[in-house]
Q: 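After the structure tokens below, expect a handful of questions from me.
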Amino acid sequence: MPEHETPARHHENEPETPVPVGRGWRSSRLVAVAVIVATLLGTGILAAVAQSISERQQRSLLAERVGELSAVLESYTAQVRTVLRSAGSVAVADPDAKLFATIVDDWTATTAEAVVAQRQGVAFVTIARSGIGTSELGAPVPVEVVEVARRALASDDMVSGFYDVGEAGRLVLALAVPGTPDAIAYLNIPVIGMTEAPTDPDSPYRELNASLYAADSPDPDKVFLVSGGTPSEDDKVSQEIAVGSETWLLDISAREPLVGTLAASFPWLVLGIGIVFALVLGLLVETLVRRRAYALRLVEERTRSLQEARLAAEKANKAKSEFLSRMSHELRTPLNAVLGFGQLLEIDDLTPDQADSVNQITKGGAHLLDLINEILEISQIEAGHLSMSPEAVQVSEVVEAAVSLLRPLADERSVHLIGGSDGGCNHYIFADRQRLKQILLNLVGNGIKYNRQGGSVSISCFEPTPGTLRIQVTDTGPGIPADKFDLLFEPFERLGAEQTSVPGTGVGLALARGLAEAMGGTLGVESTPGRGSTFWIEFPIVESPVRIFEEANQASVPAPVRDTLTVLHIEDNPANVELVERVLAQRPAVTVVPAMQGRMGVDLARRYQPVLILLDLNLVDLPGAEVLKILRDDPVTANIPVAIVSADAMPRQVQRLLSSGAIAYLTKPIDIHRLLEIVDEAVAGVTGQPAAERA
Ligand code: ADP
């Protein structure tokens, strides 16, 4: 291996950790065996069915052949009978007549002998004969024939007899000559024994082994004809044949499969192919199962290492965010000093040069502070530390607040600021009011900053789908090409604006999107370069809390005011102010004094000495916790009970505020009954009478 080559290169295509194979190997074997067994079983059934079909076909063909053969044999014996009858009659009438020999000529030409004999006492004497044999005219017939001749006389029809002569056997077919009581005619035929079965296509014996017994049972002593070979015991077919007054037996079996060799071997073919197929399939399945198990294990391994990598990355990211967050805090303190002293210097009498320098310092400091604040928030979002106080917020109210804050900037740049007060924005959404305002300030601020002289920025709301509110900010600025949309939300990405005089940090949109998503909303953009852009946010619509309260309390009619006690409500969300006012209208003795900011709340508390202070934590100017501390530290307000009303329900937060002197902690959405209870207790604490009874 060359020195510079890293060992990792050798492992590019291999799993990083060895994957154990034992269990997967065994299970893949099992699956393969199961597949082989199942396939073999199927093949066996198929082969058995094919075998049974082939056998049935074979039997039916064999039965056809037996039929054919027995028809031939019956016709043969019927001819013998006819010949014997006429030959007998001719011979009895005129023993010297040549006609006898002519009649039997066809039958005696080869080996058989035709004889007509007359009974004389116990013997039969030959009166006519023809063919090859041992009988002589006037001589008695052989003693073996006598028995057959007697039976023939006693019978109406042809009879047969069988006897051995030395090695060979002979068959006698005998018939009583009609019209004469004691004459018989017979054919004495040498037993053919084993003959070659004819192979010509018309032969009934083709492809057959046949045994013909001159008896009604397969008597080996009475085999008249064996053609081809002895029929096999297993698959022979037997047929009885009528020969004169007797019944003979014909057994046949096929020498070759009558259905054809291919058809006969089809079941074996099926079985053979099935076995090969099962083995190949088994092998294939085993390979596949093994590969799959291996792949799955590999995926598992990779997923695990990816998860570990992700966790490590998340941890690192969190550490980064925490570091940034801490750094930002640390930077803010000296920066506040720089800005504070800079502002003090501005008040002094300075030369124009000095004033300009101080102005540069404070401007740069303010810019740096903005940047630090934004970085801090982004890092807090990423670390999941951003504190949120979501509640029902009336969108039109927040839009109006943002518009009025930005109007001076719009006027300065001659940009028309339109909308925000249309009916569409009257809906409520569930969001952190301050954060929502921050998003709108960024979007509307950008609309003003990145616009032309005399251009416009309009804010409107509508429902793109029922239940969702879209708040959109449309400007008449230069627009943004679609391929830059993703970059828009990258922190510090200014898309070239850094080369212009438009101030900015490039963090606003990233922060706005982070905030919108942290509140369960979405932020998007549409733009036509040269014509302008539309930035929008979408949130689910929620019910107005005031409406919910009113619907639940339709029946209760407030009683007239008789005496006045004050409850101070420090809250910057008008929707909540209105809700508390409506709720406390149930206690006519109580007047609610709202304060939209923390400092103002402290002043009003000193002035009014309320029976109770309801304090929201998420205020613009001062955090609620700080307001509480000021109230507690001031002897004038130290004894006024303070109940916290906040969307932040974190137990640690609740605990911290209760131990800082709050008498109760109400989480939003407000539990109306609990609120009334707290008010009643506070009133009773001052007057000795609950507020409800005073009304
Ligand atoms: P900043 O405005 O501080 O630069 P933002 O994150 O708000 O940072 O915006 C990022 C960049 O996106 C801007 O620098 C500007 O190039 C572009 N941009 C934002 N809003 C608009 C707009 N309404 N029209 C055109 N460009 C915009």
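Just follow the structure's listing: the first ligand is 1, and inside any ligand the first atom is 1. Small disclaimer: the values here were computed from a predicted structure and weren't measured. Atoms considered below: every heavy atom in the structure, side chains included; atoms not considered: hydrogens, waters and symmetry mates.
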Q: For a quick check under 3.5 Å, do T505 and D370 share a side-chain donor-acceptor pair by atom type?
A: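 Short answer, no.
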
Q: Just by distance, no angles: are the side chains of T362 and Q343 close enough, under 3.5 Å, to form a donor-acceptor pair?
A: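 Side chains of T362 and Q343: no pair found under 3.5 Å.
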
Q: Is it true that E677 and R674 have a side-chain N and a carboxylate O under 4.0 angstrom from each other?
A: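 The answer is yes: the pair qualifies as a salt bridge.
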
Q: Side chains of T351 and Q354: donor-acceptor distance under 3.5 Å anywhere?
A: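 The answer is yes; a qualifying pair exists.
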
Q: Could you tell me if D432 and N618 have a donor-acceptor pair between their side chains, going purely by distance under 3.5 Å?
A: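 Yes, a side-chain donor-acceptor pair sits under 3.5 Å.
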
Q: Does E301 pair with R304 as a salt bridge, N-O distance under 4.0 Å?
A: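 Salt bridge: yes.
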
Q: Using a 4.0 angstrom limit on heavy atoms, which residues are close to ligand 1?
A: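 Residues within 4.0 Å of ligand 1: N442, N446, K449, Y450, D475, I480, L488, E493, R494, L495, A497, G504, T505, G506, V507, G508, L509, S533, F535.
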
